[in-house]
Amino acid sequence: MTSATQPEPLWAPGPDRIAAARITAFQAWAAERHGAPADGGYPALHRWSVDELDTFWQAVAEWFDVRFTTPYAAVLADRSMPGARWFDGATLNYAEHALRAGEDPARSGDAALLYVDETHEVVPVSWAELRRQVGSLAAELRALGVRPGDRISGYLPNIPEAAVALLATAAVGGVWTSCAPDFGARSVLDRFQQVEPVVLFTVDGYRYGGKEHDRRETVAELRAELPSLRAVVHIPLLGTPAPEGALAWSALTSGDSEPVFEPVPFDHPLWVLYSSGTTGLPKAIVQSQGGILLEHLKQLGLHCDLGPEDRFFWYTSTGWMMWNFLISGLLTGTTVVLYDGSPGYPDTGAQWRIAERTKATLYGTSAAYVMACRKAEVHPSRDFDLSAVKCVATTGSPLPPDGFRWLHDEVAEDLWIASVSGGTDVCSCFAGAVPTLPVHIGELQAACLGTDLQAWDPSGKPVIGEVGELVVTNPMPSMPIHFWNDPDGSRYRDSYFEMFPGVWRHGDWITLTDHGSVIIHGRSDSTLNRQGVRMGSADIYEAVERLPEIKESLVIGLEEPNGGYWMPLFVHLVPGATLDDDLRARIKATIREELSPRHVPDEIMEVPGIPHTLTGKRIEVPVKRLLQGAPLAKAVNPGSVDNLDLLHFYEELARTRTGTRG
């Protein structure tokens with residue numbers, strides 16, 4: 001939808017809000033110091049940030065007072081993708097910047113972290129205490145022989161100990177990697193075995209949905225299958241004693257020493273993140289200390305408008321990049337809210353209650369949670385004091401138009417709604433939050449600063465107002481420095497640069513509107529292509545899931561051997577609903593009216609549930625492969641799916657259809 005069909009924004013920031021935004025101050029400062037445009041607002045600033053890439057990132061480093069232990073010789077010594085070399089010659093440390101606010105005696109007693117579990121009681125951790133624990137643990141890691149470049153792993157929920165372990169790892173120049181404890185042993189080993197960690201931080205279990213989940217057997221299996229481990233650190237979340245041969249967390253964090261930060265090269269590995277790994281081993285994505293530091297300072301300090309007076313809450317787990325992004329809130333001196341528990345316990349409104357209790361100013365969640373609240377008739381502003389919340393941000397999947405309207409109506413009319421989109425691959429956003437721009441229903445506000453985001457047609461031509469491939473035509477500092485165990489870089493190149501050499505192709509369908517906003521249509525690698533017209537699955541989900549009977553849906557487009565095209569829609573119904581002729585007719589009518597006749601599925605089938613990745617994204621490509629006749633073992637990596645049993649339905653359906661065709 002472009003300005004022709006959506007001329008009026010849902011929300012626009014007032015003059016006072018624009019004047020107070022940090023991005024406004026940055027633009028004025030960059031105009032004076034670095035030749036940025038003083039006028040023209042955000043569009044002019046964005047154009048400058050991609051046209052003058054070197055100068056923009058130099059300005060970001062100066063504005064946020066990045067501490068280079070060794071100065072850089074050039075901002076961008078090599079612009080090629082992959083292979084860009086940022087801030088050549090510089091050394092620094094991410095953890096030093098994350099803990100910098102605690103150096104100020106006036107702030108040392110303030111809360112750096114607010115920890116909340118399913119009791120919804122708020123437990124603060126001060127900046128002074130966070131620095132002390134990181135200092136103690138970093139010294140103990142060095143005593144254990146951990147050296148720069150060594151991998152440190154965490155099998156941990158979203159608890160303060162996980163943040164301390166990440167920061168201590170970064171302080172010594174180690175490389176952090178984590179999985180959430182709801183991941184099974186095979187899923188964890190698919191990830192950790194690739195990087196061969198020398199230390200494993202682990203809990204004995206976790207609490208979720210009002211129940212305790214013991215993970216001691218899984219931990220024993222991890223220890224047996226990770227021969228590279230030199231130490232295991234036990235965190236007794238459920239109160240059990242440390243198993244034989246494991247170190248106690250309390251013993252490693254009882255010291256009282258200032259943290260010592262190892263200066264490392266700008267492109268030194270900071271952490272390893274993982275792709276969902278639905279069709280093979282997860283990609284082990286390595287991002288750099290300096291690249292993440294600069295990208296997250298820009299994203300959090302300018303786009304999210306976060307500073308020392310803010311409280312930053314995003315519902316996430318340690319198995320998702322948003323956890324790493326959340327911890328980076330410390331870079332801007334912001335108080336970070338860590339919630340460990342079910343997103344909907346004891347009721348669907350749980351996340352709003354946490355936002356109320358922690359006085360969150362920026363609250364981030366998933367589009368799926370927003371739509372679940374809408375379906376459950378949750379009334380946040382009626383039932384909770386959300387007066388501190390300035391922005392509600394969503395990611396994970398595109399926020400449907402009804403989600404925008406619901407947030408506007410049910411949270412606050414003067415609410416900044418930031419639908420954002422990026423990826424684990426860059427641990428950041430390509431497009432999303434801009435505090436000085438209006439919000440249009442169903443649209444992300446704009447491409448992010450320093451991100452040369454374009455929509456390309458199949459021939460590589462940029463298009464406006466049309467669906468195209470999401471591409472980035474200039475490097476970003478947080479793009480992976482490499483994949484682990486990819487010595488010649490071939491897997492990295494094949495993942496992003498095969499379709500358009502030298503240009504990052506992300507794998508999403510997007511539209512750039514004529515007023516600079518961005519619409520996400522879903523993954524292009526699970527494209528729906530009927531009669532030569534490409535369609536996004538997200539558009540269909542948005543229309544179908546508006547119906548009260550539909551809990552969730554999945555649409556697949558299948559090229560058939562005879563040249564035909566079969567597009568089934570699978571629906572998971574709410575309890576008590578029935579997929580009868582009336583509901584089928586209403587589903588088809590809704591899709592036809594809101595989208596087009598071409599979007600109407602060939603068949604509508606009820607399923608017992610929709611399969612997801614471990615981070616909650618619908619699995620489209622493996623289902624398509626199953627329906628094409630691939631055996632389950634080849635169509636999907638079993639360790640990447642939240643409920644493998646749900647895939648047997650599609651496996652059986654493929655057998656039935658093959659028999660019918662035969």
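Put simply, the side chain of Tyr492 gets close to the backbone of Pro480: a donor and an acceptor are under 3.5 Å apart. A donor-acceptor pair under 3.5 Å is formed between the side chain of Ser275 and the backbone N or O of Lys283. With Thr24 contributing its side chain and Ile18 its backbone, the two residues share a donor-acceptor pair below 3.5 Å. In this structure, Glu469 contributes its side chain and Pro458 its backbone to no donor-acceptor pair below 3.5 Å. Using a distance-only test at 3.5 Å, with no hydrogens or angles considered, no donor-acceptor pair links the side chain of Arg17 to the main chain of Ala12. Asp602 places a side-chain N or O within 3.5 Å of a backbone atom of Met567 that can act as its donor or acceptor partner. Here the side chain of Asp88 pairs no donor or acceptor atom with the backbone of Ala77 at under 3.5 angstrom. Side-chain N or O atoms of His482 include none that pairs as donor or acceptor with a backbone N or O of Asp488 at under 3.5 Å. Checking side-chain atoms of Arg491 against main-chain N and O of Asp486 turns up no donor-acceptor pair under 3.5 Å. Under a 3.5 Å cut-off, the side chain of Thr177 and the backbone N or O of Val272 do form a donor-acceptor pair.
Nearest heavy atoms, Gly40 versus Pro43: O-CD, 3.4 Å. Here the shortest heavy-atom pairing between Val623 and Pro611 reads CG2-CG, 4.2 Å. Closest non-hydrogen pair, Ala284 versus Gln194, comes out as CB-OE1, 3.8 Å. Closest non-hydrogen pair, Leu331 versus Ala98, comes out as CD2-N, 3.6 Å. The two atoms that bring Ser478 and Val426 nearest to each other are OG-O, 2.8 Å, heavy atoms only. Listed here is the closest heavy atom pair of Ala431 and Val518: CB-CG2, 3.9 Å.
Side-chain contact between Val370 and Leu407 is present, with at least one heavy-atom pair separated by less than 4.5 Å. Here the side chains of Trp504 and Met476 are not in contact, with every heavy-atom distance at 4.5 Å or above. Counting heavy atoms from C-beta on, the side chains of His408 and Leu415 never come closer than 4.5 Å. Residues Phe312 and Cys304 have side chains not in contact (no heavy-atom distance under 4.5 Å, counting atoms from C-beta outward). Residues Val472 and Asn474 form no side-chain contact, since every pair of their non-hydrogen atoms from C-beta on lies 4.5 Å or further apart. You'll find the side chain of Leu470 reaches within 4.5 Å of the side chain of Leu453, heavy atoms only. Looking only at side-chain heavy atoms (C-beta outward), Val439 and Pro9 stay at 4.5 Å or farther from each other. Between Pro400 and Glu545 the shortest side-chain heavy-atom distance does not fall below 4.5 Å.
A distance of 13.0 Å separates CZ in Phe68 from CG in Asn93, rounded to the nearest 0.5 Å. Between atom CG of residue Leu166 and atom OG1 of residue Thr318 there is a gap of 11.0 Å, rounded to the nearest 0.5 Å. Taking CG of Leu300 as the reference point, atom CG of Leu306 lies at 5.5 Å (rounded to 0.5 Å). With rounding to the nearest 0.5 Å, the separation of OG1 in Thr365 from CE in Met322 is 10.0 Å. Taking OH of Tyr650 as the reference point, atom CG of Leu627 lies at 8.0 Å (rounded to 0.5 Å). Distance check, rounded to the nearest 0.5 Å: CD1 of Ile610 to CD of Glu620 gives 10.0 Å.
With sequence neighbours left out, Phe500 forms a ring-ring contact (aromatic ring centres under 6.0 Å, His included) with Trp456. For His97, there are no ring-ring contact (aromatic ring centres under 6.0 Å, His included) partners two or more places apart in sequence or in a different chain. Considering only residues two or more places apart in sequence or on other chains, Phe192 meets the ring-ring contact (aromatic ring centres under 6.0 Å, His included) condition with none of them. Take Phe313 and apply the ring-ring contact (aromatic ring centres under 6.0 Å, His included) test, not counting sequence neighbours, and it matches Tyr363.
A ring-ring contact (aromatic ring centres under 6.0 Å, His included) with Tyr72 is found for one member of Trp86, Phe87, Trp57, Phe266 and no other, namely Phe87.
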Query raised in the report: Run the salt bridge (charged side-chain N to carboxylate O under 4.0 Å, His left out) check on Asp54 and Arg79 step by step: do they pass?
Result: CA-CA 10 Å; Asp54 307 45; Arg79 299 175 76 96; 2.9 Å; yes
Report task. Apply side-chain contact (heavy atoms from CB on, under 4.5 Å) to Ile23 and Leu45, showing your working. Result -> CA-CA 10 Å; Ile23 202 168; Leu45 181 65; 4.1 Å; yes
Query raised in the report: Asp402 and Arg405: salt bridge (charged side-chain N to carboxylate O under 4.0 Å, His left out), yes or no, with the steps?
Result: CA-CA 5 Å; Asp402 281 356; Arg405 294 186 188 97; 2.9 Å; yes
Report task. Evaluate the side chain to side chain donor-acceptor pair (under 3.5 Å) criterion for residues Thr513 and Glu443: first the C-alpha distance (whole Å), next the side-chain angles of each, then the deciding distance (0.1 Å), finally the verdict. Result -> CA-CA 9 Å; Thr513 71; Glu443 302 176 8; 4.5 Å; no
Query raised in the report: Under the side-chain contact (heavy atoms from CB on, under 4.5 Å) criterion, do Leu512 and Ile464 qualify, and how do the steps go?
Result: CA-CA 5 Å; Leu512 300 182; Ile464 301 288; 4.1 Å; yes
Query raised in the report: Do Lys617 and His612 pass the side-chain contact (heavy atoms from CB on, under 4.5 Å) test, and can you show the C-alpha distance, the side-chain angles, and the key distance before you say yes or no?
Result: CA-CA 5 Å; Lys617 293 188 174 160; His612 302 87; 6.0 Å; no
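Sequence neighbours left out, the pairs with a member in residues 33-48 that pass salt bridge (charged side-chain N to carboxylate O under 4.0 Å, His left out) are Arg47-Asp51.
A perpendicular orientation is assigned to the rings of Tyr42 and His303, their planes being inclined by more than 60° (bins at 30° and 60°). Ring pair His506/Phe430 is perpendicular by interplanar angle, where above 60° counts as perpendicular and below 30° as parallel. A perpendicular orientation is assigned to the rings of Phe26 and Trp63, their planes being inclined by more than 60° (bins at 30° and 60°).
Using a 3.5 Å distance cut-off with no hydrogens or angles, the side chains of His34 and Glu52 do not pair a donor with an acceptor. With 3.5 Å as the limit, one finds a donor-acceptor pair spanning the side chains of Trp416 and Gln445. Side-chain contact of Asp310 with Thr334: a donor-acceptor pair under 3.5 Å is absent, judged by distance alone.
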N/O donor-acceptor pairs under 3.5 Å from side chains in residues 286-296, not counting sequence neighbours:
residue, atom, partner, partner atom, Å
Gln287, OE1, Trp271, NE1, 2.8
Gln287, NE2, Thr424, O, 3.0
Gln287, NE2, Asp425, O, 2.9
Ser288, OG, Gly291, N, 2.9
Gln289, OE1, Tyr94, N, 2.7
Gln289, NE2, Ala170, O, 3.3
Glu295, OE2, Lys298, NZ, 2.9
Glu295, OE2, Ser428, OG, 2.7
His296, ND1, Ser328, OG, 2.7
His296, NE2, Cys427, O, 2.7

